[in-house]
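So the structure is just underneath, and the comments pick up after that.
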There are 2 protein chains.
Amino acid sequence: MESSSSEDLDSETLFIVSQTFKALGDPTRIRILHLLFKKECSVNAIAEALDIRQSTVSHQLRFLKNLRLVKYRREGTTLYYSPDDEHVMLILKQMIDHASHS
Amino acid sequence: MESSSSEDLDSETLFIVSQTFKALGDPTRIRILHLLFKKECSVNAIAEALDIRQSTVSHQLRFLKNLRLVKYRREGTTLYYSPDDEHVMLILKQMIDHASHS
DNA sequence: TCATTATATGAACATATTATCATATAAGCA
DNA sequence: TGCTTATATGATAATATGTTCATATAATGA
């Protein structure tokens, strides 16, 4: 059974891990994901809730989408975004709890 | 009981979380931490094991030290570094396992 | 003290990242 | 078709980041 601590990291795993953590390493993206914990949101709803520009939200959602951390469904012209990686979301929750306890 | 998913993020927590994930969002730092999983290492040992410059290792260790992710003990002129945040190390392991399964 | 070994530091450079503005695209409806 | 709303995209500028070189510091032992 492979274990994360007993073997060398192959370069592909290293790349995915660093990219994913990088995605979580920005306050704006964390706020977006944290908002999506509660409910799916449209792009404009996110922008309004977090008081950031629509284009900023759209750019960051594309970033998160590329890493398959979020997905969306369309309803007319509106796109509703939601989390798409339960495990990474769980990791984010853990870190938030860890940090808020320190 | 506070929960990471049901309340707003205060700015201090947001800062800590993003900084910590940023620390994990670099391949070199991940490799260093992954090496330290197995055993404490001197700066030079890390540099040799990973084939990177001593000064690079030292800079990254300072980064990790500032976030209290690593600590060290001195033995003569040699500093042995080791992990200093079990929870964050656990999160790193989870992500590595998650990524290597995908 | 002087030389040696191990580590840390500062400056510089190249590259990456982030937010913003302006504009484009896409869907729905009159 | 033309208008409106929602979202995406491209270019740009400011800032942040990561590595390297050169050098400084710190501990040890002859």
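The sequence lines fix the lettering, A, B, ..., with proteins before strands; numbering per chain opens at 1.
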> Roughly how far, to the nearest 0.5 Å, is the SG atom of A:Cys41 from the CD1 atom of A:Ile32?
Replying inline: 10.0 Å

>> Under 4.0 Å from OP1 or OP2 of D:dT17: is there any side-chain N or O of B:Arg29 that close?
In response: no

>> If I take atom CZ in residue A:Arg53 and atom C1' in nucleotide D:dA8, what distance separates them, rounded to the nearest angstrom?
In response: 17 Å

> Taking CG from B:Leu61 and C1' from D:dT19, how many angstroms apart are they, rounded to a whole number?
Replying inline: 14 Å

>> Between B:Leu61 and B:Leu79, is there shared hydrophobic-cluster membership here, with clusters defined by ILVMFWY side-chain heavy atoms closer than 4.5 Å?
In response: yes

>> Each nucleotide in nucleotides 10-15 of chain D should get exactly one letter: B, S or -. Can you fill that in based on protein heavy atoms under 4.0 Å?
In response: B-----

> In Å and rounded to the nearest 0.5 Å, what is the CZ to CG distance from B:Arg29 to B:Leu69?
Replying inline: 9.5 Å

> Do B:Phe21 and A:Ile91 come within less than 4.5 Å of each other through their side chains, counting heavy atoms only?
Replying inline: yes

> Should A:Phe15 and A:Glu12 count as side-chain neighbours, where that means a heavy-atom distance under 4.5 Å?
Replying inline: no

> Does B:Ile30 reach the side chain of B:Met95, with side-chain heavy atoms less than 4.5 Å apart?
Replying inline: no

> Counting only N and O atoms by type, is there a donor-acceptor contact under 3.5 Å from the side chain of B:Ser58 to the main-chain atoms of B:Gln54?
Replying inline: no

>> Distance check needed: D:dC21 C1' versus B:Ile52 CD1, whole Å only.
In response: 16 Å

> In Å and rounded to the nearest 0.5 Å, what is the CD1 to CG distance from A:Ile16 to A:Asp10?
Replying inline: 8.0 Å

> How close or far is atom C1' of D:dT9 from atom CZ of A:Phe63, stated in whole angstroms?
Replying inline: 17 Å

>> Just N and O in the side chain of A:Thr56: are any of them under 4.0 Å from OP1 or OP2 of C:dA19?
In response: no

>> Just to be sure I understand the geometry, which residues of residues 69-81 of chain B put a non-hydrogen atom under 4.0 Å away from DNA chain C?
In response: B:Thr77, B:Thr78, B:Leu79, B:Tyr81

> What is the distance, rounded to the nearest whole Å, between atom CG of B:Asp26 and atom P of D:dA16?
Replying inline: 17 Å

> How many Å lie between CZ on B:Phe15 and C1' on D:dA16, as a whole number?
Replying inline: 13 Å

> For D:dT19, does OP1 or OP2 lie under 4.0 Å from any side-chain N or O of B:Gln60?
Replying inline: yes

>> Would the distance check show the side chain of B:Lys71 and the main-chain N or O of B:Pro83 forming a donor-acceptor pair, the cut-off being under 3.5 Å?
In response: yes

> Can you tell me how far P of C:dT7 sits from NZ of B:Lys65, to the nearest Å?
Replying inline: 15 Å

> Is the shortest side-chain N/O distance from B:Asn44 to OP1 or OP2 of C:dT7 below 4.0 Å?
Replying inline: yes

>> Using whole Å, what does the distance between atom C1' of nucleotide C:dT18 and atom CD1 of A:Ile30 come to?
In response: 14 Å

> So what does B:Gln54 touch, heavy atoms closer than 4.0 Å: a base, only the sugar-phosphate, or nothing?
Replying inline: base

